Visitor: 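The structure under discussion is supplied below as structure tokens; questions concerning it will follow.
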Amino acid sequence: MRHEDRLDQYVRSVDEALETYIPAVPMLPQARLIEAMQYSLFAGGKRIRPVILLEFCRVSGGDWETALPFACALEMIHTYSLIHDDLPCMDDDTMRRGRPCSHVMFGEATALLAGDALLTAAFETMLDPGVSPSLDPDRVRRAAHVIAAGAGAYGMAGGQQLDIEGGKPGADPLNEAIGVHSLKTGAMMAAAAQAGCILGGATETQCAHAVSFAKALGIAFQIRDDILDVEGDSDELGKTAGKDAAQGKLTFVPLKGMEECKALVASMTSGAIGFLPAFAGDAAAGEISFLTWLANEMMNRSL
């Protein structure tokens with residue numbers, strides 16, 4: 001299968017599954033809340049984290065379709081974090097994915113609740129006994145725990161707190177930026193890779209290599225984001241360009257310069273790919289080619 005076709009298959013499958021987990025229910029009294037959840041969930045995200053989970057499940061020897069509830073849960077968590085990020089009390093942005101943010105469309109209170117409900121729906125989805133009955137219950141428990149940890153105070157939410165606080169006096173700004181984004185961006189990518197490995201039956205060594213791949217990819221992804229925040233156009237990016245720098249956030253371009261940041265993205269992407277041969281044994285020869293292609297696509301993305 002062509003890499004583009006595999007990516008399309010994953011994204012399409014995730015979108016179709018999400019429509020079953022968060023369906024429109026116009027007759028319910030709280031229909032506006034569910035409309036707000038759908039508004040952000042189906043706003044055209046890249047679905048990178050779900051794709052990483054599904055592919056690591058596949059290359060670990062599992063049936064990727066049984067892992068769809070977990071892939072969808074990741075996207076629900078990611079979407080909730082974006083809704084909350086855009087709120088006036090956080091990044092105070094008005095545009096996301098090329099259209100008005102949730103709080104602009106539905107008001108702050110409903111946007112806040114939409115994020116809360118999506119986070120809760122993620123765990124409803126992963127832990128529903130009827131969703132993936134063929135999966136080993138222990139794998140389900142372990143995968144859900146990894147995703148929960150990636151989203152919490154020692155993962156994404158912790159990174160968001162550090163991002164709000166900004167740099168500390170006397171600290172090395174570059175190390176701080178890496179620390180912030182290792183949690184804010186990298187933790188959920190690492191959780192995606194590790195959960196996929198768990199669901200697919202990977203070895204402990206393979207899980208460790210997958211996590212290392214995803215952590216490096218997460219930092220490369222964030223540096224690329226910072227580059228686009230400087231070079232990109234708001235209409236093309238679908239969000240307000242230049243906002244992070246204007247708010248004085250710990251971003252990589254002011255710290256390292258544009259050319260060195262581009263070199264860092266390339267070197268970190270190459271380093272990430274270096275962890276993939278752990279999945280290229282006799283039973284999976286050549287299977288890492290999609291992940292290699294995906295990493296390079298992320299390195300060169302314009303959105």
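These numbers were taken from a predicted model, which means no experiment stands behind them.
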Visitor: Step through the shown structure and confirm whether more than 12 heavy atoms of other residues, nucleotides or ligands are within 6.0 Å of CD on Glu4.
Guide: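 More than 12 within 6.0 Å, yes.
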Visitor: Should Tyr154 and Leu183 be marked as a side chain to side chain contact (heavy atoms under 4.5 Å, CB included) after you check the CA-CA gap, both sets of side-chain angles, and the distance that decides it?
Guide: CA-CA 7 Å; Tyr154 300 97; Leu183 297 178; 6.0 Å; no
Visitor: Would you mind writing out the side-chain donor-acceptor pairs for residues 67-90 within the sub-3.5 Å range, not counting sequence neighbours?
Guide:
unit_1 : atom_1 : unit_2 : atom_2 : d
Glu75  : OE2    : Arg47  : NH1    : 2.9
Thr79  : OG1    : Glu75  : O      : 2.8
Ser81  : OG     : His78  : O      : 2.6
His84  : NE2    : Leu112 : O      : 3.1
Asp85  : OD1    : Gln160 : NE2    : 3.3
Asp86  : OD1    : Arg96  : NH2    : 2.9
Asp86  : OD2    : Arg96  : NE     : 3.0

Visitor: Any non-hydrogen side-chain atom of Phe221 less than 4.5 Å from a side-chain atom of Val265?
Guide: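 Phe221 vs Val265: side chains apart.
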Visitor: Start with the C-alpha gap between Leu217 and Ile52, add the side-chain angles, then the distance that decides, and say whether side chain to side chain contact (heavy atoms under 4.5 Å, CB included) holds.
Guide: CA-CA 11 Å; Leu217 197 67; Ile52 288 172; 4.2 Å; yes
Visitor: Is there a path from Ile198 to Met189 through hydrophobic residues (I, L, V, M, F, W, Y) whose side chains come within less than 4.5 Å of each other?
Guide: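 No; tracing contacts between hydrophobic side chains, which count when under 4.5 Å, never links both residues.
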Visitor: For Cys197 versus Phe279, what's the shortest heavy-atom pair and its separation?
Guide: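 Closest heavy-atom pair between Cys197 and Phe279: SG-CZ, 3.7 Å.
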Visitor: Can you see which heavy atom on Ala220 is nearest to which on Thr269, and at what distance?
Guide: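 Shortest heavy-atom separation between Ala220 and Thr269 comes out as CB-OG1, 3.7 Å.
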Visitor: Taking only residues at least two apart or on different chains, which pairs with a member in residues 291-303 satisfy salt bridge (Lys or Arg N to Asp or Glu O under 4.0 Å)?
Guide: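 Listed once each, the pairs are Asp225-Arg301.
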Visitor: Kindly say whether Glu65 contributes a backbone atom to a donor-acceptor pair with the side chain of Asp63 at under 3.5 angstrom?
Guide: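 Side chain of Asp63 to backbone of Glu65: a pair is present.
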Visitor: Of all heavy-atom pairs between Ala278 and Gln206, which one has the smallest distance, and what is that distance?
Guide: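 Ala278 and Gln206 have their closest heavy atoms at O-NE2, 3.1 Å.
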Visitor: How about NZ on Lys184, more than 12 heavy atoms from neighbouring residues, nucleotides or ligands closer than 6.0 Å, or not?
Guide: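 Count over threshold, so yes.
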Visitor: So among Phe213, Phe290, Tyr10, which one has a ring-ring contact (aromatic ring centres under 6.0 Å, His included) with Phe56?
Guide: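 Exactly one option meets the ring-ring contact (aromatic ring centres under 6.0 Å, His included) with Phe56, and it is Phe213.
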Visitor: Enumerate the residue pairs fulfilling ring-ring contact (aromatic ring centres under 6.0 Å, His included) with a member in residues 177-199, sequence neighbours excluded, ordered by first and then second residue.
Guide: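 ring-ring contact (aromatic ring centres under 6.0 Å, His included) check on residues 177-199 returns His181-Phe252.
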Visitor: Would you compute the distance between atom OG of Ser212 and atom CD of Gln194 and round it to the nearest 0.5 angstrom?
Guide: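 Nearest 0.5 Å value for the OG-CD distance: 10.5 Å.
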Visitor: Keeping to residues at least two apart or across chains, list the salt bridge (Lys or Arg N to Asp or Glu O under 4.0 Å) pairs with something in residues 264-273.
Guide: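 Matches after skipping sequence neighbours: none remain.
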Visitor: In sequence, state the C-alpha distance, the side-chain angles, and the governing distance for Met299 and Met268, and then conclude on side chain to side chain contact (heavy atoms under 4.5 Å, CB included).
Guide: CA-CA 9 Å; Met299 176 178 68; Met268 296 204 76; over 6 Å; no
Visitor: Counting C-beta onward and ignoring hydrogens, is there a side-chain heavy-atom pair between Met298 and Ile48 closer than 4.5 Å?
Guide: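 Yes; the side chains approach each other to less than 4.5 Å.
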Visitor: Locate the shortest heavy-atom distance separating Ser267 from Leu264; write the atom from each residue and the value.
Guide: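 Taking Ser267 first and Leu264 second, the nearest heavy atoms are OG-O, 3.1 Å.
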Visitor: Using only atom types and a distance under 3.5 Å, with no angle test, would you say the side chain of Thr110 pairs donor to acceptor with the backbone of Gly107?
Guide: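 Flag not set: sc Thr110 to bb Gly107 has no pair under 3.5 Å.
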Visitor: Using the rule side chain to side chain contact (heavy atoms under 4.5 Å, CB included), only one of Leu135, Val131, Thr66 pairs with Val140; which is it?
Guide: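 The side chain to side chain contact (heavy atoms under 4.5 Å, CB included) with Val140 is passed solely by Leu135 among Leu135, Val131, Thr66.
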Visitor: Could you tell me which non-hydrogen atom of Thr185 sits nearest to which non-hydrogen atom of Gly218, and how far apart they are?
Guide: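 For Thr185 versus Gly218, the nearest heavy atoms are CG2-O, 3.6 Å.
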Visitor: What is the minimum heavy-atom distance between Ala195 and Val146, and which atoms define it?
Guide: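 Minimum heavy-atom separation between Ala195 and Val146: N-CG1, 4.2 Å.
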Visitor: Do Gln161 and Met156 have side chains that get closer than 4.5 Å, going by heavy atoms?
Guide: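 Not in contact.
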Visitor: Treating Ile, Leu, Val, Met, Phe, Trp and Tyr as nodes and any side-chain heavy-atom pair under 4.5 angstrom as an edge, say whether Phe106 and Val104 lie in one connected cluster.
Guide: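 As far as the 4.5 Å side-chain criterion goes, Val104 and Phe106 are not connected within one cluster.
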Visitor: Out of curiosity, Met95 CE to Arg99 CZ, how far, rounded to the nearest 0.5 Å?
Guide: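 Rounded to the nearest 0.5 Å, the CE-CZ separation comes to 12.5 Å.
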Visitor: With the side chain counted from C-beta on, respond yes when Leu53 and Ile147 share a heavy-atom pair under 4.5 Å apart, and no when they do not.
Guide: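 Yes; the side chains approach each other to less than 4.5 Å.
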Visitor: Between Arg12 and Asp15, does at least one N-O distance fall below 4.0 Å, as a salt bridge requires?
Guide: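 No, no charged N to carboxylate O under 4.0 Å.
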Visitor: Which atom pairs, one a donor and one an acceptor, fall under 3.5 Å between side chains of residues 37-46 and the rest of the protein, sequence neighbours left out?
Guide:
unit_1 : atom_1 : unit_2 : atom_2 : d
Gln38  : NE2    : Ile22  : O      : 2.9
Tyr39  : OH     : Pro100 : O      : 2.6

Visitor: To the closest 0.5 Å, what do you measure between CG (Leu291) and CZ (Arg6)?
Guide: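 It comes to 9.5 Å.
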Visitor: Taking atom types as modelled, find out whether Asp226 and Gln222 have a side-chain donor-acceptor pair closer than 3.5 angstrom.
Guide: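 A donor-acceptor contact under 3.5 Å links the two side chains.
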Visitor: Working to the nearest 0.5 Å, report the span between CG of Leu174 and CD1 of Ile178.
Guide: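 So the CG of Leu174 and the CD1 of Ile178 are separated by 4.0 Å.
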Visitor: Going by heavy atoms in the side chains, are Glu55 and Leu294 under 4.5 Å from each other?
Guide: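 Counting from C-beta outward, Glu55 and Leu294 never come under 4.5 Å.
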Visitor: Under a 4.5 Å side-chain heavy-atom rule over Ile, Leu, Val, Met, Phe, Trp and Tyr, are Leu54 and Leu7 clustered together?
Guide: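 Result: yes, single cluster for both.
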Visitor: Could you check if a side-chain atom of Val253 sits within less than 4.5 angstrom of a side-chain atom of Asp229, using non-hydrogen atoms only?
Guide: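 Result no, sub-4.5 Å side-chain heavy-atom pair not found.
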Visitor: CZ of Arg32 to CD of Glu35: how many Å apart, nearest 0.5 Å?
Guide: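 Going from CZ on Arg32 over to CD on Glu35, the span is 6.5 Å.
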Visitor: Give a yes or no on whether Tyr21 and Val25 share a hydrophobic cluster (residues Ile, Leu, Val, Met, Phe, Trp, Tyr; joining criterion: side-chain heavy atoms under 4.5 Å apart).
Guide: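 Yes, it is one cluster - the side chains of Tyr21 and Val25 are joined through contacts under 4.5 Å.
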Visitor: Applying a strict under-4.5 Å side-chain criterion to I, L, V, M, F, W and Y, I'd like to know whether Val211 and Ile219 cluster together.
Guide: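 No, no single cluster joins them.
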Visitor: Roughly how far apart are His209 NE2 and Thr203 OG1, rounded to 0.5 Å?
Guide: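 Separation between the atoms: 8.5 Å.
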Visitor: I'd like to know whether Ser289 forms a side chain to side chain contact (heavy atoms under 4.5 Å, CB included) with His3, so could you lay out the CA-CA distance, the side-chain angles of the two residues, the decisive distance to 0.1 Å, and finally the verdict.
Guide: CA-CA 8 Å; Ser289 60; His3 298 321; 3.3 Å; yes
Visitor: Side chains of residues 118-129: which donor-acceptor pairs under 3.5 Å do they make with residues two or more places apart or in other chains?
Guide:
unit_1 : atom_1 : unit_2 : atom_2 : d
Thr120 : OG1    : Asp116 : O      : 2.9
Thr125 : OG1    : Ala121 : O      : 2.7
Asp128 : OD1    : Gly130 : N      : 2.9

